[in-house]
Amino acid sequence: MSSNQKIYEGKAKILYTTDNPEILLTYFKDDATAFNAQKKGIITGKGKINCTISSHIFKLLEANDISTHFIDCPASDKMRVRRVKILPIEVIVRNIAAGSLCRQTLLKEGTILKFPLVEYCYKNDSLQDPLLTSDRLLLLELATREQLEQIQTLALKINDILRNLFNQCQITLVDFKIEFGLDNHENLILADEISPDSCRLWDQSQTDPNQRVMDKDRFRKDLGKVETAYQQVLERILADQG
Ligand code: UDP
C-alpha cells in the first residue's frame, strides 16, 4: 500500500497510510464538534494538545500492561499507531454523574457514584450512538462474550490508572469514553484517543459548576476559555510527569 493516503477522516482526526501496512498515521485536528456534529467549531491548538495528552496517557497505560495502538509521535499533532479494526462500541466509564446519565435518570450532576459505571453505546451517528445493553451488543455481534468481559475488566483498570493520574494533577475524572480495536491476531487493543475531548475533567480548586470544567463541555455549553482549559490539563500532566 502506498503511504500518505488519507483512508479516513473523522470529526477530530484524519488517518493516513504509511509505508508499513500495519502502521497508520493519525493527524489530530483543531476541529471540534458536539451534539452529533450539529455544533461545529475550532479550538485553536487542540490537535497538538490532545495528541500530546493522549500519547502521555497511552504510554502510562502501556507501562501498566495495557495494550494500546500507540507507537510514537513524529510531530506534536501526529501519532503513529498500530492498525486495528475498531469495534463499533463506545465504552463509557463514569465515576460521577454528568451528561447523558443525568438526562436519562434522576441522578443530579455531581452525584458520586457508588461504583464506577461501565456503559456501552453503539457507535452509529445515524442512530445517534444509542445506549446498548450487553445482550443487544452480543445479539448484534459487536463483540463476543469473552471480548465484552475483557473490555469491562480493562475499562475498570484504565479508570483506576486515569483517576490516579488526574488526581495527582488536582483534577477529578468524572467520566470518559474509550474505544477498542482488534489486531490481526484478534487481540483487544485500546485505540482512538484519551483527551479533554473524550473525558469530563473537573478542576479540584474550583467549586463553581462552570468554572471547574476543563474539558469539551466548555465548548458544548459555550463556557469560553476552551483553549486555556485544554492547555491547563496538558501543563498539569507534564508538571506531574516532571
Ligand atoms: N463522549 C465522547 N464521545 C461521544 C460521546 C461521549 O467522547 O460520542 C464522552 C464525553 O465527553 C463524556 C463521556 O463520554 O466524557 C460520557 O458522555 P455522555 O454519555 O454523558 O454524553 P454527552 O452528555 O456528552 O452527550
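Order of listing sets the numbers, starting from 1, for every ligand and every atom in it.
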>> Regarding D215 and Y230, do their side chains bring together a donor and an acceptor under 3.5 Å, going by distance alone?
In response: no

Donor on one side chain, acceptor on other, N159 and N95, under 3.5 Å
yes

Residues passing the side chain to side chain donor-acceptor pair (under 3.5 Å) test with K216, sequence neighbours excluded, are none

For L106, the hydrophobic cluster (side chain heavy atoms closer than 4.5 Å, chained through members) also holds none

Exercise. Report yes or no: does R236 contribute a side-chain atom to a donor-acceptor pair with the main-chain N or O of Q170 at less than 3.5 Å?
Key: yes

For ligand 1, protein residues within the heavy-atom limit of under 4.0 Å are E90, I92, R94, A98, G99, S100, R103, D129, D175, F176, K177, D197, S198, C199, R200, R220

Applied to residues 103-114, the side-chain hydrogen bond (donor to acceptor under 3.5 Å, both in side chains) test, sequence neighbours excluded, yields none

